[in-house]
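Following: one structure in structure tokens, then a few remarks.
FYI, side chains are in, hydrogens and waters are out, and symmetry mates aren't considered; it's all heavy atoms of this structure.
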Amino acid sequence: MPSASTSQPPRPVASNAECSAAGRTIDRPAPAGSVLATSWSQSRTADDVTFDLTGVLSTAFPSSKHPFVTGTTVAGARTCILGGELRGTIDPGLSWEDFHDDYNAACVKVVALDWLQIHGTRCDGVEDGFRPQEGGVNLNRTSFLISGTHLSNVADDCLENDYTLGGVVHDSLWESCFTGISERPSSANGSWTSPEGETLTLDHVLIGLHAMPHDSDKGTGTNALFKWSTSANDLVIKCSTFFVPERSVNGTDTMAVPAGTVVDDSACPDRPSTIVWLGGGEYPAPTAGLRVVDDRKVWDDAVAAWKAAHS
């Protein structure tokens with residue numbers, strides 16, 4: 001497989017203008033410099049509130065509680081989260097099953113109506129990265145925007161979107177997760193068909209996979225970029241890069257880019273969306289037309305460029 005240019009496409013401007021618009025309440029739950037050893041929770045959320053967590057550090061993982069969570073009892077409309085950082089701990093002696101069964105928490109969980117936004121949040125060492133929800137199954141009343149975020153050392157999903165909200169992720173580095181994005185409802189919630197035209201868009205996003213040990217005979221390894229289902233949204237990929245170091249412990253069938261994915265690289269025609277594949281030979285599943293290269297430097301340079309732009 002060919003190598004590729006390591007220069008990076010222009011990055012979109014991540015805007016949180018709606019989060020600071022006139023008429024909103026700006027709530028600063030803790031002053032900058034605060035360290036939270038337990039979960040911060042705002043279970044009852046009014047409409048049009050922006051929670052500004054800039055400069056607030058959490059160490060509240062491992063735990064079965066989400067380090068940052070809003071709207072779980074009363075969901076407000078148009079909720080924003082700005083900033084916030086988690087420095088959690090992933091014990092290398094624990095398996096994926098241990099984390100999934102005992103510490104099944106996301107760094108940020110937001111339940112909201114109309115729309116929700118998460119900007120500039122940093123999470124390291126956690127079971128899941130982000131969980132956007134709308135307070136019920138297949139309500140189709142909430143969308144999301146996640147931008148300028150950085151995830152690493154995630155034991156399961158970068159994004160658990162199992163309520164299949166439509167949304168956009170852009171200008172984000174999700175550096176090392178066992179799974180990229182999940183849109184697979186739990187068996188308890190059943191399945192449904194997402195509304196026609198509802199999409200999940202990845203715009204200038206970097207997603208890298210890393211291995212987790214398992215209790216079963218799967219051993220240690222990664223899952224896949226997309227944990228998909230018939231309930232999932234249509235997927236749109238723009239100017240994004242993915243790192244897949246090896247075959248999935250759940251089989252090569254799980255490694256496909258979802259059928260019907262639209263790849264729109266009109267903003268970066270010379271640097272198209274790419275899978276960096278280090279597993280040897282051809283990528284073992286359909287890629288929806290994404291370019292595939294076997295040059296680790298393409299991934300490393302993309303990560304370094306993102307970090308430099310956000311330092």
Side-chain angles (χ1 to χ4, degrees), residues 14 16 19-20 24-46 49-76 79-94 98-112 116-133 144-160 169 171-178 208 210 212 303 306-311:
N16 58 15
C19 297
S20 57
R24 293 187 64 84
T25 298
I26 309 299
D27 186 334
R28 293 178 175 82
S34 298
V35 179
L36 308 180
T38 58
S39 170
W40 170 76
S41 175
Q42 183 70 45
S43 63
R44 296 177 177 270
T45 306
V49 176
T50 294
F51 296 103
D52 188 351
L53 294 162
T54 303
V56 176
L57 173 66
S58 173
T59 59
F61 192 87
S63 173
S64 60
K65 296 182 179 180
H66 315 287
F68 303 108
V69 55
T70 69
T72 50
T73 300
V74 176
T79 300
C80 289
I81 300 286
L82 304 183
E85 179 179 359
L86 170 69
R87 295 179 193 168
T89 302
I90 296 292
D91 184 340
L94 297 180
D98 291 328
F99 283 101
H100 188 268
D101 295 344
D102 298 331
Y103 305 115
N104 196 341
C107 178
V108 180
K109 176 177 176 178
V110 181
V111 185
L116 65 92
Q117 298 187 22
I118 302 169
H119 297 280
T121 303
R122 172 74 174 105
C123 306
D124 179 80
V126 71
E127 208 264 340
D128 285 328
F130 301 114
R131 288 186 194 171
Q133 293 184 11
F144 69 86
L145 168 63
I146 299 173
S147 76
T149 60
H150 183 187
L151 302 176
S152 56
N153 202 22
V154 176
D156 199 10
D157 307 330
C158 292
L159 174 66
E160 186 187 277
V169 182
D171 192 27
S172 289
L173 169 60
W174 295 353
E175 192 169 359
S176 46
C177 305
F178 175 68
H210 77 152
M212 285 290 295
V303 170
W306 191 95
K307 290 180 177 179
H310 294 80
S311 61

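Atom NE2 of residue His210 and atom SG of residue Cys177 lie 6.5 Å apart, to the nearest 0.5 angstrom. Expressed to the nearest 0.5 Å, how far CG of Leu151 lies from CG of Leu173 amounts to 8.0 Å. In this structure, the separation between CD on Gln133 and OG1 on Thr72 is 9.5 Å, given to the nearest 0.5 Å. For the atom pair Glu175 CD and Cys158 SG, the distance stands at 10.5 Å (nearest 0.5 Å). With values rounded to the nearest 0.5 angstrom, Leu159 atom CG is found 5.0 Å from Ile146 atom CD1. Between the CG atom in Leu86 and the CG atom in Asn153 there is a gap of 10.0 Å [rounded to 0.5 Å].
Gly148 and Ser172 make their closest contact through N-OG, 3.4 Å (heavy atoms, listed as atom of the first residue, atom of the second, distance). Minimum heavy-atom separation, Ser64 to Asp102: CB-O, 3.8 Å. Between Ala60 and Thr38, the shortest heavy-atom distance links the atoms CB-C, 3.6 Å. Here the closest heavy-atom approach between residue Gly120 and residue Thr149 is recorded as N-CG2, 4.0 Å. Of all the heavy atoms in Glu127 and Val154, the pair that sits closest is O-CG1, 3.4 Å. Taking every heavy atom of both residues into account, Glu160 and Pro132 meet most closely at O-CD, 3.7 Å.
Looking at heavy atoms from C-beta onward, Leu82 lies in side-chain contact with Cys19 at the 4.5 angstrom threshold. Considering only heavy atoms from C-beta on, Thr70 stays 4.5 Å or farther from Val49 through its side chain. Under the 4.5 Å side-chain criterion, counting only non-hydrogen atoms from C-beta, His119 is in contact with Leu145. Contact check for Ile118 versus Phe144: no side-chain heavy atoms found under the 4.5 Å cut-off. At a threshold of 4.5 Å between non-hydrogen side-chain atoms, the residues Thr89 and Pro62 count as touching.
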message: Go through it in stages, so that I can follow the logic: the residues are Ile81 and Phe68, the test is side chain to side chain contact (heavy atoms under 4.5 Å, CB included), and I'd like the CA-CA distance, side-chain angles, deciding distance and then a yes or no.
response: CA-CA 9 Å; Ile81 300 286; Phe68 303 108; 5.8 Å; no
field: Test log, rule side chain to side chain contact (heavy atoms under 4.5 Å, CB included), inputs His100 and Met212
entry: CA-CA 12 Å; His100 188 268; Met212 285 290 295; over 6 Å; no
message: Working note: Ser152 + Arg122, criterion side chain to side chain donor-acceptor pair (under 3.5 Å); need CA distance, chi angles, decisive distance, verdict.
response: CA-CA 8 Å; Ser152 56; Arg122 172 74 174 105; 2.9 Å; yes
message: Set out, in order, the CA-CA distance, both residues' side-chain angles and the distance that settles side chain to side chain contact (heavy atoms under 4.5 Å, CB included) for Asn16 and Thr50, then state yes or no.
response: CA-CA 10 Å; Asn16 58 15; Thr50 294; over 6 Å; no
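Using bins of under 30°, 30° to 60° and over 60° for the plane-to-plane angle, the ring pair Phe51/Trp40 lands in the perpendicular bin. Taking the six-membered ring where tryptophan is involved, the planes of Phe130 and Trp174 are tilted, since the angle between them lies from 30° to 60°. Between Trp306 and His310, the ring-plane angle classifies as parallel under the 30° and 60° cut-offs.
The closest donor-acceptor contact from the side chain of Thr45 to the backbone of Ala75 lies at 3.5 Å or more, if one exists at all. Using modelled atom types, one side-chain atom of His66 and one backbone atom of Ala106 make a donor-acceptor pair closer than 3.5 Å. The backbone N or O of Asp128 lies less than 3.5 Å from no partner atom in the side chain of Asp156, so there is not a single donor-acceptor pair. When atom types are taken as modelled, the side chain of Thr121 and the backbone of Gly83 share a donor-acceptor pair closer than 3.5 angstrom.
With no hydrogens or angles considered, a side-chain donor-acceptor pair links Thr54 and Asp52 at under 3.5 Å.
Applying the side-chain contact (heavy atoms from CB on, under 4.5 Å) rule to Arg87 yields the partners Leu57, Glu85; only residues at least two apart in sequence or on another chain are considered.
Sorted pairs that involve residues 55-76 and meet salt bridge (charged side-chain N to carboxylate O under 4.0 Å, His left out), not counting sequence neighbours, are lacking altogether.
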